[in-house]
Every structure is written in structure tokens, then in C-alpha cells.
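Just follow the structure's listing: the first ligand is 1, and inside any ligand the first atom is 1. Quick note: numbers below take in every heavy atom, side chains included, and nothing from hydrogens, waters or symmetry partners.
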Amino acid sequence: MSKNLDRKLRHIHNYPKRGIDFIDITTVLKNAQDFHDLIAELQAACADLNFDKIVAAEARGFIIGSALAYIMQKGFVPVRKAGKLPAAIYKKTYKLEYGESTIEMHKDALQAGERVLFVDDLLAIGGTAEAACELIESAGAEVAGVLFFVELAGLNGRQRLTKYDVRSLYLVHEDDLSQD
Ligand SMILES: O=P(O)(O)OC[C@H]1O[C@H](OP(=O)(O)OP(=O)(O)O)[C@H](O)[C@@H]1O
Ligand SMILES: Nc1ncnc2[nH]cnc12
């Protein structure tokens with residue numbers, strides 16, 4: 001049963017730039033029951049998918065991706081912002097709602113043919129997930145699914161991920177959220 005965690009998200013206007021409506025997940029994470037419910041809901045949402053490892057993107061993706069990997073007894077692969085990984089990497093630059101970013105993944109993090117779930121806190125315009133899936137595929141692995149806590153309605157992030165099985169726990173309309 002849904003715990004309506006979307007009602008606990010904080011919505012901040014004009015952060016980190018004017019014109020951006022920022023969805024803050026820390027209001028969910030800081031409560032032990034809510035954090036537990038979030039991971040349980042993510043686990044239920046991907047229970048039918050067959051995968052070997054979870055890949056998640058720095059930084060917010062790490063929080064839920066690693067908790068989910070731990071509870072599901074899967075390996076965890078970090079996709080990091082540029083310059084943080086010490087060994088040979090695959091690399092991709094992409095656009096965000098509020099700028100540009102480069103992400104990297106170790107070349108030896110995934111084996112050819114492995115099945116991978118990409119997990120992130122939020123789907124906005126979809127650049128992060130699209131770039132991460134390209135990194136996964138560069139390694140010869142297969143994207144078994146893409147899973148989000150929150151999907152921002154109206155930004156059409158899904159349109160960039162039509163090749164994949166994309167799931168989100170909550171479709172959030174920015175107008176529905178409380179202001180802080
Ligand atoms: O669908 P998109 O438009 O790509 O946006 C979603 C991404 O943006 C945020 O990360 P951000 O790059 O801001 O990094 P952070 O987790 O370090 O805050 C969020 O955690 C997602 O990874
Ligand atoms: N509007 C938004 N709120 C929170 N995180 C984001 N990442 C990209 N767009 C975002």
C-alpha cells in the first residue's frame with residue numbers, strides 16, 4: 001500500500017536557479033519510518049525485474065540506490081561526477097534542468113551481459129538517466145529497468161528513456177506540493 005510519501009516532499013521555488021522548482025527529498029529521508037517505507041516501496045516496484053546489480057548516480061541516487069542494493073542483496077555500482085573515480089572510466093556529458101554535468105563509471109564495474117537496474121531519486125528532463133544508461137551499455141551490460149522515487153510531471157523525461165522499462169513511485173505535479 002502506498003504511504004503517500006509524495007506529500008512529505010519539500011518544494012522550493014527558484015533553487016538552485018531562478019525559474020526552477022526544486023523537489024527536496026531530505027524531508028522524507030530524515031524520518032526513519034518514511035525512509036524505510038521508501039526503500040520498501042522501491043523494492044516492491046522492481047520485485048519482478050531480473051537484475052544482478054544496481055547502478056546509481058552521485059549524489060542523491062547513492063542514498064536510495066545503495067540502501068536498495070543492500071536490502072536486495074545486489075552489487076552496487078556508483079556513477080560519479082567527473083574526476084572522482086580512480087581507475088579507467090566511461091564518461092558522458094549531458095544537460096540538466098539547471099546546467100550541465102559529466103558523469104563517469106568504472107570500465108570494470110559491469111561485465112558484458114550483466115543485467116542492471118538504474119535507480120535515482122528523481123526524473124526531471126531525463127539527461128542523467130539517459131547518460132547513465134549509455135554508460136551501462138558501453139560496458140556491454142543490459143538495462144533491466146530504470147526506477148525513480150519521483151517523476152516530475154510535465155518535463156517529459158520519459159521521452160528520452162523509451163527504450164527502457166521505466167518505473168516511478170510518484171508522479172509529482174509541482175503545483176500539488178506544499179511551499180517552504
Ligand atoms: O532527469 P534529470 O534532468 O537528469 O535530473 C535528475 C537528476 O538531477 C539530480 O541530480 P544532480 O545532478 O542535481 O546531482 P545531486 O544528486 O548531486 O544533487 C537528481 O538527483 C537526478 O540525478
Ligand atoms: N526540479 C528538480 N528538483 C530536484 N532535483 C532535480 N534535478 C533536476 N531537476 C530537479
Side-chain angles (χ1 to χ4, degrees), residues 5-30 34-35 38-39 41-42 45-46 53-69 76-85 89-106 109 116-138 143 145-180:
L5 297 172
D6 52 337
R7 295 190 194 147
K8 308 218 171 157
L9 293 163
R10 178 161 54 190
H11 181 214
I12 300 173
H13 272 316
N14 297 321
Y15 180 87
K17 282 186 177 169
R18 200 166 182 76
I20 302 294
D21 288 312
F22 192 87
I23 309 302
D24 178 20
I25 64 166
T26 65
T27 46
V28 173
L29 301 175
K30 72 181 179 183
D34 292 339
F35 188 26
L38 170 58
I39 301 306
E41 288 194 3
L42 288 165
C46 66
K53 285 178 179 163
I54 287 180
V55 172
E58 184 177 354
R60 282 173 269 160
F62 287 2
I63 300 166
I64 61 173
S66 60
L68 187 62
F76 178 79
V77 172
V79 162
R80 295 213 62 181
K81 303 256 161 70
K84 300 286 188 182
L85 290 172
I89 47 149
Y90 296 112
K91 175 183 192 131
K92 190 85 198 164
T93 297
Y94 60 96
K95 283 198 170 37
L96 278 162
E97 250 194 304
Y98 35 73
E100 194 179 81
S101 190
T102 298
I103 52 172
E104 299 176 345
M105 185 183 77
H106 273 147
V116 170
L117 179 70
F118 176 72
V119 179
D120 210 346
D121 65 323
L122 182 134
L123 173 63
I125 62 173
T128 307
E130 182 182 38
C133 289
E134 285 174 20
L135 295 182
I136 291 164
E137 290 169 341
S138 298
V143 178
V146 181
L147 178 61
F148 301 97
F149 171 15
V150 174
E151 176 175 351
L152 287 187
L155 292 182
N156 301 321
R158 260 176 196 267
Q159 283 179 6
R160 303 174 69 157
L161 304 171
T162 51
K163 287 199 283 181
Y164 308 115
D165 182 340
V166 179
R167 303 172 180 197
S168 52
L169 299 184
Y170 297 93
L171 189 62
V172 167
H173 299 261
E174 287 163 348
D175 295 346
D176 295 346
L177 296 162
S178 63
Q179 309 288 307
D180 260 28

What distance separates [X] [atom1] from [Y] [atom2], expressed to the nearest 0.5 Å?
X      : Y      : atom1 : atom2 : value
Ile64  : Asp121 : CD1   : CG    : 5.5 Å
Arg7   : Tyr170 : CZ    : OH    : 9.0 Å
Ile39  : Leu29  : CD1   : CG    : 8.0 Å
Asp21  : His173 : CG    : NE2   : 14.0 Å
Leu122 : Leu155 : CG    : CG    : 8.5 Å

Heavy-atom side-chain proximity of Val28 to Phe149 below 4.5 angstrom: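 When only atoms from C-beta onward are counted, Phe149 and Val28 do touch, with a gap below 4.5 Å.
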Set of residues satisfying side-chain hydrogen bond (donor to acceptor under 3.5 Å, both in side chains) with respect to Glu151, sequence neighbours excluded: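 Per chain and number, Glu151 pairs via side-chain hydrogen bond (donor to acceptor under 3.5 Å, both in side chains) with Arg158, Ser168.
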Please state which protein non-hydrogen atom is closest to [atom] and give its distance, to 0.1 Å?
atom                    : result
atom 8 (O) of ligand 1  : Leu96 CD2, 3.6 Å
atom 3 (O) of ligand 1  : Ile125 N, 2.9 Å
atom 7 (C) of ligand 1  : Thr128 OG1, 3.4 Å
atom 10 (O) of ligand 1 : Arg60 NH2, 3.5 Å

Sub-4.0 Å heavy-atom approach of [X] to ligand 1:
X      : answer
Ala129 : no
Lys81  : yes
Tyr98  : yes

For ligand 1, which atoms sit closer than 4.0 Å to a heavy atom of [X]?
X      : value
Ala59  : 15 (P), 16 (O), 17 (O)
Gly127 : 1 (O), 2 (P), 4 (O)
Leu122 : 6 (C), 21 (C)
Asp121 : 19 (C), 20 (O), 21 (C)

Test side chain to side chain contact (heavy atoms under 4.5 Å, CB included) applied to Lys95 - qualifying residues, sequence neighbours left out: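 Partners of Lys95 by the side chain to side chain contact (heavy atoms under 4.5 Å, CB included) criterion, ordered by chain and then number, come out as Glu100.
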Name of the residue among Glu134, Glu104, Glu137, Glu130 meeting salt bridge (charged side-chain N to carboxylate O under 4.0 Å, His left out) with Lys92: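 Answer after filtering Glu134, Glu104, Glu137, Glu130: Glu134.
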Would you mind listing which atoms of ligand 2 come within a distance below 4.0 Å of any non-hydrogen atom of [X]?
X      : value
Tyr98  : 5 (N), 6 (C), 7 (N), 8 (C), 9 (N), 10 (C)
Ala124 : 8 (C), 9 (N)
Asp21  : 1 (N), 2 (C), 3 (N)
Glu97  : 1 (N), 2 (C), 8 (C), 9 (N), 10 (C)

Ligand 2 versus Asp121: contacting region, heavy-atom distance under 4.0 Å: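 Neither; nothing of Asp121 gets under 4.0 Å from ligand 2.
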Parallel, tilted or perpendicular: rings of Phe22 and Tyr98 (30°, 60°):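 Taking Phe22 first and then Tyr98, their aromatic rings sit tilted (interplane angle of 30° to 60°).
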Main-chain N/O of Glu58 paired with Lys81 side-chain donor or acceptor, under 3.5 Å: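 Yes; judged by distance alone, with no hydrogens or angles, the pair exists.
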Nitrogen or oxygen of Asp120 less than 3.5 angstrom from that of ligand 1: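 Indeed, backbone or side chain, Asp120 has an N or O that close.
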N or O contact, Gly126 vs ligand 1, cut-off under 3.5 Å: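 Between Gly126 and ligand 1 (N or O atoms, distance only) the closest approach is under 3.5 Å.
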Close approach, Leu96 and ligand 2, non-hydrogen under 4.0 angstrom: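 No.
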Flag if over 12 foreign heavy atoms under 6.0 Å of NZ, Lys53: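 Counting neighbours around NZ of Lys53, more than 12 heavy atoms of other residues, nucleotides or ligands fall under 6.0 Å, so yes.
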Mode of Ala124 contact toward ligand 1 - side chain, backbone, both, neither (heavy atoms, under 4.0 Å):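 Both backbone and side chain.
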